[in-house]
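Worksheet: one structure, shown below.
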There are 2 protein chains.
Amino acid sequence: MPKQTFFNLEPEKREAIIKAAVEEFAQAPFEQASLTKIVEKCGIAKGSMYQYFRDKRDLYLYVVDLAYEQKRAYVSKAFAREGDIFSVLEEYYYQSYAFAREHPLFHQVTNKFWDNKGGALRLELEKGRLSRASDFAKFLDEAMAQGKVNKDLDPEAVFFVYHAVGKELIDHFDQVHSDGFFKRVLDVLRLGLAAREEQAK
Amino acid sequence: MPKQTFFNLEPEKREAIIKAAVEEFAQAPFEQASLTKIVEKCGIAKGSMYQYFRDKRDLYLYVVDLAYEQKRAYVSKAFAREGDIFSVLEEYYYQSYAFAREHPLFHQVTNKFWDNKGGALRLELEKGRLSRASDFAKFLDEAMAQGKVNKDLDPEAVFFVYHAVGKELIDHFDQVHSDGFFKRVLDVLRLGLAAREEQAK
DNA sequence: CCATGATGTGACCGCCCGGTCACTTCTGCA
DNA sequence: TGCAGAAGTGACCGGGCGGTCACATCATGG
């Protein structure tokens with residue numbers, strides 16, 4: 001968390017710092033990002049940065065928080081949506097895409113953040129995953145109870161699959177920008193690979 | 001590619017170098033891995049390393065090649081297997097798991113390699129992905145023609161999903177070591193989330 | 001106007017990095 | 001045995017890093 005001094009700054013200076021930091025952490029993962037470059041980019045002395053943040057990690061986590069705050073504003077719309085689990089999931093992926101498109105730097109920050117498997121950030125990461133898992137599990141249980149979802153499936157495996165596919169989609173938003181592709185990917189998950197005897201459409 | 005000098009070395013020295021390099025590149029991604037630590041670990045002078053390899057990147061790509069060579073020896077068994085596409089896929093995931101279990105350092109090297117989205121390694125990475133995609137596409141087309149696989153699905157989306165799930169499984173082999181879990185994940189992909197009217201078992 | 005505490009600064013510290021090169025040591029053949 | 005070329009070496013280079021600190025500057029209220 002930033003020190004109080006940071007919040008006492010004139011807004012435009014504060015935002016210049018944020019902008020420079022976001023650009024740097026979007027471009028390189030934590031370990032490779034350069035604090036020196038950040039202070040040069042926003043024109044403050046390096047010592048000043050340490051008036052505002054405890055260290056590089058402190059600044060980084062603050063930026064990551066900002067990014068996830070923005071992202072939450074998008075994806076939370078999905079859960080508010082009326083409809084079955086499939087339309088919620090479609091909306092979830094679509095909102096993730098909208099976030100990536102409208103806040104590309106934040107998007108890259110979040111991407112680089114959960115790529116970071118090693119290092120001291122692992123704990124924060126796992127915490128977020130669990131919270132998302134429980135959100136998803138609620139929807140899934142409900143849909144199973146209603147008979148909309150295959151009861152033979154292992155909920156843990158279902159979450160695993162959706163998490164993996166969502167992650168990969170988000171990872172490749174740059175390349176995969178066809179709206180229809182989301183739907184086709186979701187069709188694969190919904191219908192399954194094995195041919196269906198009933199009319200599936 | 002290493003220089004000729006490297007292959008002229010006595011085997012035990014050559015393997016000591018390989019061992020040290022594998023350990024280092026298993027522990028950290030390319031940019032964070034330290035050539036200095038490698039030469040210290042295997043007890044040769046830093047200058048000597050430059051008799052064997054052009055630079056750090058040359059050494060790294062050599063190690064990555066070794067790792068993928070080993071991995072191919074495992075996963076290629078899957079395609080040789082008799083049976084439908086689902087049993088081939090199961091075997092593929094299982095062999096990937098066996099590789100990770102029996103060659104954990106190589107496994108970590110490959111993992112860290114295709115995590116590397118930025119940097120100059122991207123081209124090599126994409127090449128590998130395309131070759132795997134075409135292998136998979138062959139099997140998929142065949143299975144669709146035989147009516148074993150849902151004809152309504154987009155083959156590109158199918159590959160995308162399987163690739164994503166495979167990647168995530170491989171990423172988490174450390175945590176997910178239950179044999180049954182593979183099967184349950186494959187069930188999700190095979191059957192799909194939507195409830196089936198026919199008896200699915 | 002000055003005193004005081006908060007804020008701003010950039011030269012500097014120690015560390016580690018990939019890579020180089022003048023030099024030594026080894027090896028095998030004439 | 002001598003000698004040429006291959007192989008081995010480690011001190012050294014320039015550069016970048018995160019972080020520090022003695023000092024300069026500023027804002028405030030007595």
Side-chain angles (χ1 to χ4, degrees), chain A residues 1-64 112 116 118-121, chain B residues 1-64 112 116 118-121:
Chain A
M1 221 174 40
K3 301 181 184 175
Q4 183 55 43
T5 318
F6 181 66
F7 298 106
N8 296 343
L9 254 36
E10 308 106 87
E12 58 178 61
K13 187 169 181 180
R14 195 166 59 232
E15 271 153 38
I17 292 171
I18 291 174
K19 179 164 176 276
V22 167
E23 283 172 5
E24 179 67 12
F25 289 125
Q27 189 252 332
F30 174 70
E31 291 87 353
Q32 267 125 280
S34 159
L35 220 160
T36 306
K37 279 184 192 158
I38 293 173
V39 300
E40 278 169 2
K41 202 180 296 189
C42 65
I44 68 169
K46 196 189 271 186
S48 297
M49 198 58 105
Y50 287 84
Q51 303 275 358
Y52 312 141
F53 298 90
R54 200 160 50 80
D55 53 17
K56 182 187 176 186
R57 180 195 154 100
D58 191 24
L59 168 60
Y60 178 64
L61 290 180
Y62 177 66
V63 167
V64 168
K112 294 220 161 60
N116 191 301
L121 307 162
Chain B
M1 220 177 37
K3 303 180 183 175
Q4 183 55 44
T5 318
F6 180 65
F7 297 107
N8 295 343
L9 254 37
E10 308 107 86
E12 59 178 59
K13 187 170 182 180
R14 196 166 58 230
E15 271 154 37
I17 293 171
I18 291 174
K19 179 163 177 277
V22 167
E23 282 171 6
E24 180 67 12
F25 289 125
Q27 190 252 333
F30 174 70
E31 291 86 352
Q32 268 126 278
S34 159
L35 218 160
T36 306
K37 279 184 194 159
I38 293 174
V39 301
E40 278 169 3
K41 203 181 297 191
C42 65
I44 68 171
K46 197 189 270 188
S48 297
M49 198 58 106
Y50 287 84
Q51 303 276 358
Y52 311 141
F53 298 90
R54 200 160 51 80
D55 53 17
K56 182 186 176 187
R57 180 195 153 98
D58 191 25
L59 168 61
Y60 178 64
L61 290 180
Y62 177 65
V63 167
V64 168
K112 296 221 159 63
N116 192 300
L121 307 162

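A note on names: the letters A, B, ... follow the listed sequences, proteins ahead of strands, and every chain is numbered from 1. On a predicted model such as this, the values are computed, not experimentally measured, just so you know.
The existence of a salt bridge linking B:K19 and B:E23 is confirmed by a sub-4.0 Å separation between a basic side-chain nitrogen and an acidic carboxylate oxygen.
Here the C1' atom of nucleotide D:dT20 and the CE atom of A:M49 are 16 Å apart, to the nearest Å. Rounded to an integer number of Å, the gap from CZ of A:F30 to P of D:dC17 is 13 Å. In this entry the distance linking CG of A:D58 with P of D:dG18 reads 14 Å, nearest Å. Between the CD1 atom of A:I44 and the P atom of D:dA24 there is a distance of 21 Å, given to the nearest Å. Here the P atom of nucleotide D:dC17 and the CG atom of A:L59 are 14 Å apart, to the nearest Å. What separates CZ of B:F53 from P of D:dG8 is a distance of 12 Å, to the nearest Å. Rounded to whole angstrom, the span from the CD atom of A:E40 across to the C1' atom of D:dG16 amounts to 11 Å.
Near-neighbour residues of DNA chain C inside residues 9-23 of chain A, defined by a heavy atom below 4.0 Å, number-ordered: A:L9, A:K13.
The minimum heavy-atom distance between B:D55 and B:Y50, with the atom names listed, is CA-CE2, 3.9 Å. Minimum interatomic distance between A:A20 and A:I38 (heavy atoms only, all atoms of both residues): CB-O, 3.8 Å. Here the shortest heavy-atom pairing between A:A21 and A:L59 reads CB-CD1, 4.0 Å.
B:R54 contributes no side-chain N or O that, together with a main-chain N or O of B:M1, makes up a donor-acceptor pair within less than 3.5 Å.
Side-chain contact between B:L9 and B:I17 is present, with heavy atoms from C-beta onward closer than 4.5 Å. A 4.5 Å side-chain heavy-atom check between A:F30 and A:K56 finds at least one atom pair inside the cut-off. With contacts defined as side-chain heavy-atom distances shorter than 4.5 Å, the pair B:Q32/A:Q32 qualifies. Put simply, the side chain of B:V63 does not reach to within 4.5 Å of the side chain of B:E24, judged on heavy atoms.
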At a cut-off of 3.5 Å, list every protein nitrogen or oxygen paired with a nitrogen or oxygen from nucleotides 14-17 of chain C, distance to 0.1 Å.
residue	atom	partner	partner atom	Å
C:dC17	OP1	B:S34	OG	2.8

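Here A:Y52 does not reach the OP1 or OP2 of C:dT7: none of its side-chain N or O atoms lies under 4.0 Å away. The side chain of B:N8 places no N or O atom within less than 4.0 Å of a non-bridging phosphate oxygen (OP1 or OP2) of D:dA6.
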**Study point:** Sequence-aligned protein contact record of nucleotides 21-28 of chain C, with B where the base is within under 4.0 Å of a protein heavy atom and S where only the sugar-phosphate is
**Key:** B-------
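The 12-atom threshold is exceeded at CD of B:Q4, counting heavy atoms of other residues, nucleotides or ligands nearer than 6.0 Å.
Under the 6.0 Å cut-off for aromatic ring centres, A:F6 and A:Y62 qualify, their centroids lying closer than that.
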